[in-house]
Amino acid sequence: MTAITPEFNGAAPAALDEMAEIAAATERALADHVENLQALLAREVGGRETLELAVAASHEREKRIRKALAALEGPKPAPEPEPPRRGRPPKSEGIGRGRDNNTWSVSQEKVDQVLAAMRAHPDASHRPRMIADELGLSMTTIRKALDTLRDRELVRIKEVHPRWGKMYALMPEARGDAS
Amino acid sequence: MPHEHLTIEDMSDREFLLVLDDHADEDGWTDSQTIADALDLAERRVASSRLSWLRRWGAVEREVERDEAGNIRVRRNGQTFYTQRWRLTDVGAALAHGHLLARQQQSLERLEDAQMLEVTRWVTERARRVNGTAGKLMAREWRYGMSTRR
């Protein structure tokens, strides 16, 4: 701040003192704010580092637990081979409805068979492979039928098994003879 | 391979609400990690993300955290502490479990294609008039049903 002296514009010394005091007080207040913010910043960074260490430690513990589980459960049997796919393989990021290059529609008869097989065990989670084996139909036909039944809101995905994939259940209204 | 996202095309809101209901305890609460495990999702937050949206539309509610005295825990800034447990609201339960009667379904099945266009207009108008939760979920149900991801 340029010093204002009587030689420049004749401002009274008392007013100059007051202005200087205000400026000093403002600077002190700003310095306080800066100091507080710096303290907050240091706390935030320090806190985050603590959390990052805790996350890393948790990952290590998870690895050890998984190793112990693997040792106790023993070697898992090899998964059942799926029939060879036709066309592009489906994307794995989302659950999706599967991708199928075939444009044919499954017959109503097959759809009814699948629904009847599920109604025989209305409270169960149904695995497409088990339905296919029970009815003697291909997995492609079963998937098409299940997609059709999902579209009609007669069945739903109940869970997704890490090995067996989507497991289906009847919708509440499909358990009886609502449709 | 665990799934990293769960879009409306992957699973309808109704299916998701029923999965929540499948794993509910006696008070109706379900932990979001339980849902993530049931659907083989890569992380809890994939389930939490859908639950947060459903909560915004009024279909689910989130459990508040309480202290030993039963008082709701609140942060200094006034925000409430929540747990990771969720449950269906009354509206959410009705949407998850509601269904058409057999005669209602049969009436709809008998409509011709041209009549279905009029029904569609009626449905969209109704969706605009109903309360926020049902209207929003009706719109999402339409999007799920019309998705071409098959």
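Just so we're on the same page: letters track the sequence lines, and every chain starts at 1.
The shortest heavy-atom contact between B/Asp40 and A/Pro162 is OD2-CA, 3.7 Å. For the pair B/Leu39 and A/Val160, the tightest heavy-atom approach, listed with the atom from each and the gap, is O-CB, 3.4 Å. Closest approach of B/Ala96 and A/Pro172 over heavy atoms only: O-CG, 4.3 Å.
Note that CG of B/Asp10 and NZ of A/Lys166 are 8.5 Å apart. Values are rounded to the nearest 0.5 Å.
Hydrophobic cluster membership is shared by A/Met118 and A/Leu135, with clusters built from Ile, Leu, Val, Met, Phe, Trp and Tyr side chains linked at under 4.5 angstrom. Linking ILVMFWY side-chain heavy atoms closer than 4.5 Å, directly or via other members, places A/Ile142 and A/Trp164 in two distinct hydrophobic clusters. Under the 4.5 Å side-chain heavy-atom criterion for Ile, Leu, Val, Met, Phe, Trp and Tyr, A/Leu154 and A/Leu137 are members of the same hydrophobic cluster. Residues A/Met139 and A/Leu146 do not share a hydrophobic cluster, clusters being chains of Ile/Leu/Val/Met/Phe/Trp/Tyr side chains in contact below 4.5 Å. A/Ile157 and B/Leu18 fall into different hydrophobic clusters, where Ile, Leu, Val, Met, Phe, Trp and Tyr residues are linked whenever their side-chain heavy atoms come under 4.5 Å apart, directly or through other members.
Counting heavy-atom neighbours within 6.0 Å of A/Met167 CE, excluding the residue itself, gives a total above 12.
Heavy atoms closer than 4.5 Å to chain B are found in the side chain of A/Met171, but not in its backbone.
A salt bridge links A/Arg156 with B/Asp22: at least one charged nitrogen is closer than 4.0 Å to a carboxylate oxygen. Salt bridge A/Arg150/B/Glu15: present, at least one basic N to carboxylate O contact under 4.0 Å.
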